[in-house]
Amino acid sequence: MLTLQEAHDFFAEHLSNESFSKFPAEKQLAAIRTAANDIAAAAGIPELPDNLPVNLRNAVFEQAIFLLLNPHLITGSTGSDTVLVLSPRAKAWLPPAPAVCPLLRG
């Protein structure tokens with residue numbers, strides 16, 4: 001699991017450093033945990049591995065600040081449907097979805 005120190009290291013040179021730092025440690029950690037679940041879901045895996053690749057680690061922190069700054073999205077709900085809402089910056093760190101071969105339809 002990612003730590004607050006890792007998050008602070010990530011945000012040290014980040015444009016959102018002040019925004020992240022203004023939240024209490026409990027909220028920061030909750031956002032990191034929620035973001036980790038979001039990124040695991042987007043990657044199609046049940047949970048993130050302990051030895052996290054840099055791109056997924058960065059995606060988690062980008063998602064965490066997105067969630068902190070957009071608290072209405074914490075539940076992932078946009079009305080009656082539950083959807084996964086990812087930060088555009090978090091999406092940028094995720095590998096592209098594989099192209100679907102049109103011959104495999106059916």
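Only heavy atoms go into these numbers, but all of them, side chains included; no hydrogens, no water, no symmetry mates.
At a threshold of 4.5 Å between side-chain heavy atoms, the hydrophobic network of Ile, Leu, Val, Met, Phe, Trp and Tyr places I65 and L4 in one connected group.
In this structure, the side chains of F23 and L69 come closer than 4.5 Å at one or more pairs of heavy atoms. The side-chain heavy atoms of K91 and E62, taken from C-beta on, include no pair separated by under 4.5 Å. Using a 4.5 Å cut-off on side-chain heavy atoms (C-beta onward), D38 and L67 make contact.
Counting all heavy atoms, side chain and backbone alike, I45 lies closest to P49 at CD1-CD, 4.2 Å. Pairing each heavy atom of A59 with each of A90, the nearest pair is O-CB, 3.5 Å.
To the nearest 0.5 angstrom, I32 atom CD1 is 7.5 Å from T3 atom OG1. Atom CD of E6 is separated from atom CE of M1 by 10.5 Å, given to the nearest 0.5 angstrom.
For S16 (side chain) and S19 (main-chain N/O), no donor-acceptor pair under 3.5 Å exists by modelled atom type. Between the side chain of E47 and the main chain of A40, no donor-acceptor pair closer than 3.5 Å is present. Between the side chain of N55 and the backbone N or O of L94 there is no donor-acceptor pair closer than 3.5 Å. Using modelled atom types, one side-chain atom of Q63 and one backbone atom of S87 make a donor-acceptor pair closer than 3.5 Å.
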After noting the C-alpha distance and the side-chain angles of L56 and W93, does the key distance pass the side chain to side chain contact (heavy atoms under 4.5 Å, CB included) rule?
CA-CA 7 Å; L56 292 182; W93 286 105; over 6 Å; no
Decide side chain to side chain contact (heavy atoms under 4.5 Å, CB included) for H14 and F20; before the verdict, give the C-alpha distance in whole Å, the side-chain angles of both, and the deciding distance to 0.1 Å.
CA-CA 10 Å; H14 196 282; F20 187 77; over 6 Å; no
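Side-chain contact, D9 with Q5: a donor N or O sits under 3.5 Å from an acceptor N or O.
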